[in-house]
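Take a look at the structure below.
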Amino acid sequence: MDAFVYTAQPARVIFGAGSLQHLEREIGLLGAQRALVLCTPEQRATAEAVAQRLGERAAGIFDRAVMHVPLETAREAREVARALGADCAVAVGGGSTTGLGKAIALDSGLPILAIPTTYAGSEMTPIYGLTEGGVKKTGRDTRVLPRTVIYDPKLTLSLPVGLSITSAMNAMAHAAEGLYAVDGNPIMSLMAEEGIRALGTAIPALHANGRDIEARGQALYGAWLCGTVLGHVGMALHHKLCHTLGGSFNLPHAEVHTVVLPHALAYNAEAAPQAMARIARALGAQSAPAAVFDLAQRHGAPVALRDLGLAATDLDRAADIACANPYHNPRPLERGPLRELLQRAYEGTRPS
Ligand SMILES: NC(=O)C1=CN([C@@H]2O[C@H](COP(=O)(O)OP(=O)(O)OC[C@H]3O[C@@H](n4cnc5c(N)ncnc54)[C@H](OP(=O)(O)O)[C@@H]3O)[C@@H](O)[C@H]2O)C=CC1
Ligand SMILES: O=C(O)/C=C\C(=O)CC(=O)O
């Protein structure tokens, strides 16, 4: 076995259908008295239910979380937290809401309790993102890692099926790249393979019935494992491409992950055979890139960048940006093959 270093990121996880009932106890365990509840405008009703559960421990609700955490929103939320005397933040929602909690924590050190309702995985990472003047910057800081995470599959029953599938593919991407990370280790690989297996089971079941609570549990369990991988080891080509396409061309986050993943895996397949074997095994298939493509396509998820609104004329610029700053990838980054990868992702060609 190769030598490795493993530093665990501390997080307390409360998992299970109905586990929201433990919220007040968990806030108490954080030593907090006044929680600011964060949500998007559309998830206000859920945030109100959370605040009601907290009773006197609820300082208020900030319901203006949006994708990619604009700096102005972060400043506004920080100010509201200060004005209300909040001593912790409860983020209920997807990665956008968790991201807002992280922006508050980065500035103030307030502990975050996250209640994720998508599979993006941000709740398990010390990674934060902030967008200023249309440019998103990400960083790592242990202060932003949520202290407690409540995974309650019941809260995900309202997540539309299409979004559930693309969000699950987003989670799977963290695990897939974790399997060939430069700083990978056997513990993260175990979690990655099990996370992919759980998501590979959940996706067909959710496609059949979005209210299947067992499948919701499997998906959230997979999201937890995959988010943990994202939080512990470095990502590579796939995440770089998705950040380029999401950030510079304003394409939707989970959908871009869904479309790009099979092609990024195909690019890396020969350079990372063990990772590919584990992904394929987790999905009960022969070829990792084809299995991931089939999983998306069979369950109604988008498979072509052109269907997400990218123009063919954007592909050259996307390839340039993706090559601009060097980063680790199992196969060296070469502009020509990368441009071909993007062309296949644009057209939605099944990897052979
Ligand atoms: N820092 C990190 O480690 C990570 C950060 N991220 C970041 O997180 C963001 C993406 O996260 P993601 O979760 O995909 O995006 P969002 O949080 O924006 O959620 C995606 C969609 O899910 C909907 N939704 C969420 N919860 C529910 C629910 N209970 N019922 C119905 N609909 C629901 C949202 O609706 P509505 O808007 O109406 O609430 C939204 O349309 C990106 O900014 C990404 O960069 C992602 C992964 C890791
Ligand atoms: O961009 C961020 O906010 C940080 C990480 C991610 O979004 C991970 C991902 O691409 O899913």
Side-chain angles (χ1 to χ4, degrees), residues 9 11 20 38-47 49-50 63-70 73-74 91-103 105-106 112 114-131 135-141 144-146 149 151-178 210-211 216 219-220 223-224 226-248 250-258 260-261 264:
Q9 310 272 9
L20 185 63
L38 309 173
C39 63
T40 58
E42 293 79 3
Q43 306 307 323
R44 170 100 199 176
T46 308
V50 164
D63 68 0
R64 292 191 287 286
V66 286
M67 186 79 94
H68 301 316
V69 197
T73 311
V92 56
S96 301
T97 306
T98 309
L100 180 61
K102 288 176 164 184
L106 186 66
I112 307 170
I115 309 174
T117 62
T118 70
Y119 309 129
S122 176
E123 69 282 355
M124 278 294 144
T125 84
I127 306 167
Y128 62 88
L130 276 169
T131 302
V135 179
K136 181 167 178 176
K137 292 195 178 133
T138 57
R140 279 182 175 255
D141 193 312
V144 309
L145 181 71
V149 182
Y151 285 108
D152 187 339
K154 280 188 178 173
L155 298 178
T156 61
L157 289 172
S158 56
L159 190 65
V161 168
L163 248 169
S164 302
I165 290 166
T166 53
S167 192
M169 299 297 294
N170 180 194
M172 195 177 282
H174 308 328
E177 291 226 297
R211 297 197 64 80
R216 287 290 178 190
L220 217 41
W224 166 25
C226 295
T228 303
V229 175
L230 174 68
H232 280 78
V233 300
M235 298 289 110
L237 172 66
H238 169 78
H239 280 72
K240 175 74 176 176
L241 282 175
C242 290
H243 281 193
T244 299
L245 292 164
S248 305
N250 203 24
L251 300 190
H253 182 83
E255 288 88 336
V256 168
H257 272 274
T258 305
V260 171
L261 185 59

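Predicted model, so just to flag it, every value in this text is computed and none were measured. As a basis for the values below, the full set of heavy atoms in this structure was taken, side chains included, without hydrogen atoms, waters or symmetry mates. All ligand and atom numbering here is 1-based and tracks the order in the structure.
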Any side-chain heavy atom of [X] within less than 4.5 Å of one from [Y]?
X: Arg216; Y: Leu159; result: yes
X: Trp224; Y: Glu123; result: no
X: Val149; Y: Met124; result: yes
X: His239; Y: Leu230; result: yes
X: Leu130; Y: Lys137; result: no
X: Thr118; Y: Ser167; result: yes
X: Thr138; Y: Tyr128; result: no

When you measure from [atom] to each heavy atom in [options], which option holds the nearest one?
atom: atom 42 (C) of ligand 1; options: Met67, His174, Glu123; result: Met67
atom: atom 18 (O) of ligand 1; options: Ser158, Ser96, Gly94; result: Ser96
atom: atom 5 (C) of ligand 1; options: Ser122, Gly247, Ala45, Ser164; result: Ser122

Separation between [atom1] of [X] and [atom2] of [Y], rounded to the nearest 0.5 Å:
X: Asn170; Y: His253; atom1: CG; atom2: NE2; answer: 3.5 Å
X: Leu220; Y: Leu155; atom1: CG; atom2: CG; answer: 9.0 Å
X: Leu38; Y: Asp63; atom1: CG; atom2: CG; answer: 10.0 Å
X: Leu261; Y: Leu241; atom1: CG; atom2: CG; answer: 11.0 Å
X: Leu157; Y: Asp152; atom1: CG; atom2: CG; answer: 8.5 Å

Please report whether ligand 1 has a polar contact with [X], defined as an N or O pair separated by less than 3.5 Å (distance criterion only).
X: Lys136; answer: yes
X: Gly121; answer: no
X: Ser167; answer: no
X: Asn170; answer: no
X: Gly93; answer: no

Given that the side chain starts at C-beta and the backbone is N, CA, C, O, which of these parts of His174 lies under 4.0 Å from ligand 2, counting heavy atoms, or is it both or neither?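 Answer for His174: side chain.
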Numbering the atoms of ligand 2 from 1, which are under 4.0 Å from a heavy atom of His257?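 Counting atoms of ligand 2 from 1, those under 4.0 Å from His257 are 9 (C), 10 (O), 11 (O).
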Just jot down the ligand 2 atoms closer than 4.0 angstrom to any heavy atom of His253, in number order.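 In order of numbering, the contacting atoms are 7 (O), 9 (C), 10 (O), 11 (O).
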Taking all non-hydrogen atoms of both residues, which atom of [X] and which atom of [Y] are closest, and how far apart?
X: Thr156; Y: Pro116; result: CG2-O, 4.3 Å
X: Tyr119; Y: Ala168; result: CD1-N, 3.7 Å
X: Leu20; Y: Ile115; result: CD1-CD1, 3.7 Å

Test of proximity, [X] against ligand 2: N or O pairs below 3.5 Å:
X: Asn170; result: yes
X: Lys136; result: yes
X: Thr138; result: no

Is the closest heavy-atom distance from His243 to ligand 2 below 4.0 Å? yes
Starting from [atom], what is the nearest protein heavy atom, named by residue and atom, and what distance separates them?
atom: atom 47 (C) of ligand 1; answer: Ala120 O, 3.3 Å
atom: atom 4 (C) of ligand 2; answer: Ile127 CG2, 3.8 Å
atom: atom 34 (C) of ligand 1; answer: Gln43 NE2, 4.5 Å
atom: atom 1 (N) of ligand 1; answer: Ile127 O, 2.9 Å
atom: atom 24 (N) of ligand 1; answer: Leu159 CD1, 3.5 Å
atom: atom 13 (O) of ligand 1; answer: Thr118 OG1, 2.6 Å
atom: atom 12 (P) of ligand 1; answer: Gly95 N, 3.6 Å
atom: atom 38 (O) of ligand 1; answer: Glu42 CB, 3.0 Å

Atoms of ligand 1, numbered as shown, that sit under 4.0 Å from any heavy atom of [X]:
X: Leu230; answer: 3 (O), 48 (C)
X: His68; answer: 42 (C), 43 (O), 45 (O)
X: Lys102; answer: 1 (N), 2 (C), 3 (O)

Structural part of [X] in contact with ligand 1, heavy atom criterion under 4.0 angstrom:
X: Thr125; result: side chain
X: Leu155; result: backbone
X: Thr40; result: side chain
X: Thr117; result: both
X: Leu163; result: side chain
X: His253; result: side chain

Check the pair Thr125, Lys102 against side chain to side chain donor-acceptor pair (under 3.5 Å), reporting the backbone distance first and the verdict last. CA-CA 10 Å; Thr125 84; Lys102 288 176 164 184; 2.8 Å; yes
With under 30° as parallel and over 60° as perpendicular, where do the rings of His257 and His174 fit, or are they tilted in between?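 Rings of His257 and His174: perpendicular, over 60°.
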Any donor-acceptor pair under 3.5 Å linking the side chain of Lys136 with the backbone of Val69?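 Not at all, since once roles are kept as given, no pair shorter than 3.5 Å links the two residues.
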Within the distance-only criterion (no hydrogens, no angle test), does the side chain of Gln9 pair as donor or acceptor with the backbone N or O of His232 below 3.5 angstrom?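 No; zero donor-acceptor contacts below 3.5 Å.
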Closer than 4.0 angstrom: is that true for some heavy atom of His243 and an atom of ligand 1?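 So His243 does not count as touching ligand 1.
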